Amino acid sequence: MKKKSNGVYRARINARGYEQIDGEHYKEDKKAVPVVNDTTFHVLLMLMLMAGWCAEVLDVKGAFPHGLFEDGEEICMKVPEGFERHCKNGCVLLPLQTLHGLKQSACAFWKQLLKAFKSMGCKRSKADPCLHYAWTDTGLVMWMSWVDDCLVVGRREAAMKAKQ
């Protein structure tokens, strides 16, 4: 539990990724995701300024629990402290989606994000894997992503529609 600045308590379940074993609980090459290149970021901001476009930041709330395990991948975890009374002795949890703290959560979310961009009709840049773009009725829309945050850039109508 964490107390927010407004006095509200917020809780989320976290896995103990530091206890995961490479090859047994995750694959080393499936835990890292790319982040936008500095040059891409600067060029996109310059294009925005020169064209008079706007930018909107999008933070995906609770991003890592949106990731999916790969086929056949299972992670078992102990019942969180304080919840033992709700479970039988020897009970373990089998998450159906990735959780905060798992080594593969960022990569699993990244794959879901790529699917989302594709479903929106975006193409992926060959120069930077974190830059996506689409030509729409209202003009060019470009997306940059880093972990669970995105920046959409384009004409105001196009950017707002893409953000929706």
Side-chain angles (χ1 to χ4, degrees), residues 2 4-5 10-75 77 95-164:
K2 178 180 180 182
K4 302 296 250 178
S5 60
R10 174 172 270 171
R12 72 175 175 203
I13 190 167
N14 285 309
R16 293 180 174 176
Y18 57 85
E19 292 180 357
Q20 287 182 279
I21 300 167
D22 182 20
E24 184 178 337
H25 302 123
Y26 73 99
K27 295 177 186 155
E28 184 66 30
D29 61 338
K30 302 280 181 164
K31 72 173 193 175
V33 296
V35 292
V36 70
N37 184 306
D38 288 351
T39 304
T40 302
F41 180 74
H42 291 120
V43 167
L44 195 59
L45 289 181
M46 288 304 297
L47 283 172
M48 180 188 78
L49 290 171
M50 292 170 59
W53 292 343
C54 78
E56 288 283 326
V57 176
L58 181 72
D59 176 39
V60 180
K61 300 289 182 204
F64 291 166
H66 291 294
L68 300 174
F69 289 112
E70 293 184 350
D71 292 335
E73 186 179 12
E74 288 185 345
I75 298 285
M77 58 186 285
L96 301 176
Q97 292 178 260
T98 57
L99 298 169
H100 292 279
L102 291 176
K103 293 190 182 262
Q104 64 267 49
S105 293
C107 188
F109 171 72
W110 167 253
K111 290 176 183 177
Q112 292 300 108
L113 188 62
L114 292 178
K115 287 179 189 176
F117 283 137
K118 190 172 185 177
S119 74
M120 293 180 348
C122 293
K123 293 183 180 178
R124 194 169 166 187
S125 167
K126 293 178 182 173
D128 190 331
C130 296
L131 176 65
H132 293 79
Y133 62 94
W135 288 97
T136 67
D137 296 338
T138 52
L140 177 65
V141 175
M142 293 183 281
W143 288 89
M144 285 189 314
S145 65
W146 57 98
V147 189
D148 64 342
D149 296 307
C150 297
L151 180 75
V152 59
V153 175
R155 293 177 59 194
R156 178 158 295 284
E157 315 87 64
M160 295 309 282
K161 186 176 178 183
K163 185 178 178 181
Q164 291 291 331

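Since the model is a prediction, treat every value here as computed from it, not as a measurement.
Contact record, M120 with A162: SD-O, 4.5 Å, taken as the closest heavy-atom pair. Scanning both residues, W110 and P129, for their nearest heavy atoms gives CH2-O, 3.3 Å. For the pair P95 and M77, the tightest heavy-atom approach, listed with the atom from each and the gap, is CG-SD, 3.9 Å. C54 approaches M48 most closely through the heavy-atom pair C-SD, 3.9 Å. Pairing each heavy atom of G154 with each of W53, the nearest pair is O-CB, 3.2 Å.
For D59, the CG atom sits in a packed shell: over 12 heavy atoms of surrounding residues, nucleotides or ligands are nearer than 6.0 Å. Within a 6.0 Å sphere centred on CD of E28, other residues, nucleotides and ligands contribute more than 12 heavy atoms. For CG of L96, the number of neighbouring non-hydrogen atoms (other residues, nucleotides, ligands) closer than 6.0 Å is 12 at most. At most 12 heavy atoms of other shown residues, nucleotides or ligands fall within 6.0 angstrom of atom NZ in K27.
T136 places none of its side-chain heavy atoms less than 4.5 Å from the side chain of K161. Proximity of V147 to F109: side-chain heavy atoms (C-beta onward) are nowhere separated by under 4.5 Å. No side-chain heavy atom of Y26 sits under 4.5 Å from any side-chain heavy atom of L102. For the pair R124/L114, a side-chain contact is recorded, criterion being any heavy-atom separation below 4.5 Å from C-beta on. In this structure, L58 and V152 have side chains that are not in contact, with every pair of non-hydrogen atoms separated by 4.5 Å or more. At a threshold of 4.5 Å between non-hydrogen side-chain atoms, the residues Q20 and I75 count as touching. When side chains are defined from C-beta on, W135 does not count as touching K123, because their heavy atoms never get closer than 4.5 Å. With contacts defined as side-chain heavy-atom distances shorter than 4.5 Å, the pair N14/L99 does not qualify.
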Worksheet entry | Test side-chain contact (heavy atoms from CB on, under 4.5 Å) applied to R156 and E56, step by step | CA-CA 9 Å; R156 178 158 295 284; E56 288 283 326; 4.1 Å; yes
Practice prompt. Evaluate the criterion side-chain contact (heavy atoms from CB on, under 4.5 Å) for residue pair V36 and D128; output intermediate values, then yes/no.
Written response: CA-CA 7 Å; V36 70; D128 190 331; 3.6 Å; yes
Worksheet entry | Working for side-chain contact (heavy atoms from CB on, under 4.5 Å), residues K111 and E70 | CA-CA 10 Å; K111 290 176 183 177; E70 293 184 350; 2.4 Å; yes
Worksheet item: Could you walk me through whether S145 and V33 pass the side-chain contact (heavy atoms from CB on, under 4.5 Å) check?
Response: CA-CA 10 Å; S145 65; V33 296; over 6 Å; no
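A donor-acceptor pair under 3.5 Å is absent between the side-chain atoms of R10 and the main chain of K4, judged by distance alone. Of the possible donor and acceptor atoms, none in the side chain of S105 sits under 3.5 Å from a partner among the backbone N and O of T98. Distance alone, capped at 3.5 Å, places no donor-acceptor pair between the Q112 side chain and the G67 backbone.
With rounding to the nearest 0.5 angstrom, the CG atom of L45 is 12.5 Å from the CE atom of M50. Atom CE of M144 sits about 10.5 Å away from atom CG of N37, to the nearest 0.5 Å. Rounding to the nearest 0.5 Å places OG1 of T39 at 12.0 Å from CG of L44. Interatomic distance, CD of E157 versus CG of D137, reported as 11.5 Å (0.5 Å rounding). Atom SG of C130 is separated from atom CZ of F117 by 9.0 Å, given to the nearest 0.5 angstrom.
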